[in-house]
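Worksheet: one structure, shown below.
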Number of protein chains: 2
Amino acid sequence: MGADDGRRVTITAIAREAGVSVPTVSRVLNGRSDVAPDTRERVEELLRHHGYRRRTSRSVRRAGLVDLVFNDLDSPWAVEIIRGVEDVGHGAGVGTVVSAIHRQPTAARQWLQNLRTRATDGVIFVTSHLSPPLHAQLRRLNVPVVVVDPAGVPAMDVPTIGATNWAGGLAATEHLLAIGHRRIGFVAGPTHLLCSRARLDGYRAGLEAAGVPVDDALIYPGDFYHASGFAGGTALLDLADPPTGIFASSDQMAFGVYEAIRRRGLRVPDDVSVVGFDDLPEARWASPPLTTVRQPLVEMGRLAARTVLRLAQGEGIDSPRVELATEMVVRDSTAAPLTGSPASA
Amino acid sequence: MGADDGRRVTITAIAREAGVSVPTVSRVLNGRSDVAPDTRERVEELLRHHGYRRRTSRSVRRAGLVDLVFNDLDSPWAVEIIRGVEDVGHGAGVGTVVSAIHRQPTAARQWLQNLRTRATDGVIFVTSHLSPPLHAQLRRLNVPVVVVDPAGVPAMDVPTIGATNWAGGLAATEHLLAIGHRRIGFVAGPTHLLCSRARLDGYRAGLEAAGVPVDDALIYPGDFYHASGFAGGTALLDLADPPTGIFASSDQMAFGVYEAIRRRGLRVPDDVSVVGFDDLPEARWASPPLTTVRQPLVEMGRLAARTVLRLAQGEGIDSPRVELATEMVVRDSTAAPLTGSPASA
DNA sequence: TTGAGTTGCGGAAAAGTTCCGGAGTTTTTC
DNA sequence: GAAAAACTCCGGAACTTTTCCGCAACTCAA
């Protein structure tokens, strides 16, 4: 596309073609406010069409801010990501702007509106859909974007950062199988998230590799929050042939499962084993301490921040898709199933 | 839905469409009296339909950012505050910049350095000491400051926002006394924080009002984090005459106490009752669900944001010191003490 | 030095406000 | 009952404020 005819594109050429002066193009590039909306659009269109790139890597004016956008800000999960981003940002002398767009397009538009009035060095979306129009707008503003735990398919040319969710799901399932469980319940996350589906597939793969048939009745659709874990645990224990172990695909749901088990008058791990996913700080302090799959959330935040800052400097990216390793953390919420129960060993 | 087709709506367009002159529209906008009622109505209808917005912000130039500074970003506690601030900020079209200064003066200096390169409409400190030099610097920059849960004395002329910590500590103690406990342990927060001291004083006041002598051996110095709760619970249970109920002045420490009790092979609330402070979302889902003192954290964040934005607009403040009410939330972690104590039952 | 890009300054034009007067209507006066 | 006075409502024009962009001077790297 760019069709840059041998020579590098300069703002002088853009200015001539757009019928404006050089300073005006410069102002558009730097996100100044004193440019008429349609002039800005015309110039941005030409910049994009010619694939303009900043001349030097050094003279980039930084806004001193990185945007971190969540769908919802209602989980301890979020703090871990914030910590990672803030840590790197702090070291690099950039502030971290945290927003929640609550899945509403109006909120997203309002956020974008605010973004226009100031500047940003880059945007990190977390488990967000990053709607095409929004992405197009950001592209027009020439703002680098990174997505953590992308919702849909890896998408276009946006770098994404995640964890090895499939491997984590597999490891958790293998752990339960290894200590003797055969009937393993699964509380899934929202199906529209890639990480949820990967964890579910890891669970399925683990069962199949062990020759245990996958029973759809043992898979409960949750949403990562406490309440759905409670509902899922209750539903699974209500089955005629209830599971001896339950793998919840988030720690919060695992705590909900704890509560469901406790309400039944049963105990963890004596009667039912539970495995979570995330390894939030509170997993270590739950009663009993939760066996879970550790996601390096802080490290994911750090990496996202470093990536977006590199992009902001015009530097390249090693890989458009990075998955950090998960790690099985065995604590006290898993044990061998009761041998006696229906049959025996 | 004004469907503003790219261009901005001007009063000229409105005037043309309404069949009146520009000055007439201007008069409607400014609430002048010399406009015929039906003319006024017609114009107002069109203004509404096109979503007309005043061109001039009229107010001072805003940076569109509010800074939210924590000491450490390592507790679910922080998310609640962030949610509140972000919520109000989002509504007002300002971004929320989250920072952690890790109690280090160097980090604070670095943060201030970053602040100089950009602009801010105001700063909210959370449980921070707000050292005099830092405060002086901010004052020099003419940046409004609000402190949530101030560390030291209410300080100079800085508005502060907190909760009724003393009343909360009293309520928790009274609850334990009411169900029959006489020997009540207390796991304190860091003594340099005002809220910690207030909770401790509430505890003492509750005991004294009930005629129960305060035993310093029952007061363990914690730091609000899990680990110190575990240490405190362990230490209290190791006493020759251990408490039958433990009041931890944060939910996280209460979870640490849970773990200490569990390690002893004892049970909550059968053997030992536990009360927390904060009412984090996970308190509801702990095993067993935690009896605690609810702090309106989100609301505190909201209020802080509203206050700092009002200050930024040059408006006045109703009160320099606001305390929001705490609320006793009774769940399943408290019960009457075993009557026979060491033996019997 | 040279070329690319940025910034302070100022001016033209647009947007919005205020002053003023005039047409039409209502009220008062004689 | 007619003229005068007063009032209502609105447009023209002058004025003020804000936006937008070019000029020229400047910075920065090669």
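Within every chain, numbering begins at 1; the chains are lettered A, B, ... in the order of the sequence lines, protein sequences first and strands thereafter.
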Could you check T326(A), D278(A), T164(A) and say which one makes a side-chain hydrogen bond (donor to acceptor under 3.5 Å, both in side chains) with Q295(A)?
D278(A)
Measure across T120(B) and D67(B) and return the closest heavy-atom pair with its distance rounded to 0.1 Å.
OG1-OD1, 2.8 Å
Please report the shortest heavy-atom distance between P159(A) and V145(A), naming the atom on each side.
CD-O, 3.3 Å
Tell me which nucleotide among dC21(D), dA4(C), dG16(C) gets nearest to the side chain of T10(A).
dA4(C)
Charged N to carboxylate O under 4.0 angstrom, R42(B) versus E17(B)?
no
Look at E86(A) together with R83(A) and state whether they make a salt bridge at an N to O cut-off of under 4.0 Å.
no
Nearest-angstrom distance from the residue atom [atom1] of [X] to [atom2] of [N]:
{"X": "D38(A)", "N": "dC21(D)", "atom1": "CG", "atom2": "P", "value": "8 Å"}
{"X": "I11(B)", "N": "dC10(D)", "atom1": "CD1", "atom2": "C1'", "value": "14 Å"}
{"X": "D34(B)", "N": "dG22(C)", "atom1": "CG", "atom2": "P", "value": "17 Å"}
{"X": "L29(B)", "N": "dT17(C)", "atom1": "CG", "atom2": "P", "value": "6 Å"}
{"X": "L47(B)", "N": "dG16(C)", "atom1": "CG", "atom2": "P", "value": "10 Å"}
{"X": "I14(B)", "N": "dT17(C)", "atom1": "CD1", "atom2": "P", "value": "13 Å"}

Do you see a donor-acceptor pair shorter than 3.5 Å between the side chains of H102(A) and N71(A)?
no
Which of residues 15-28 of chain B have a heavy atom under 4.0 Å from DNA chain C?
V22(B), P23(B), S26(B), R27(B)
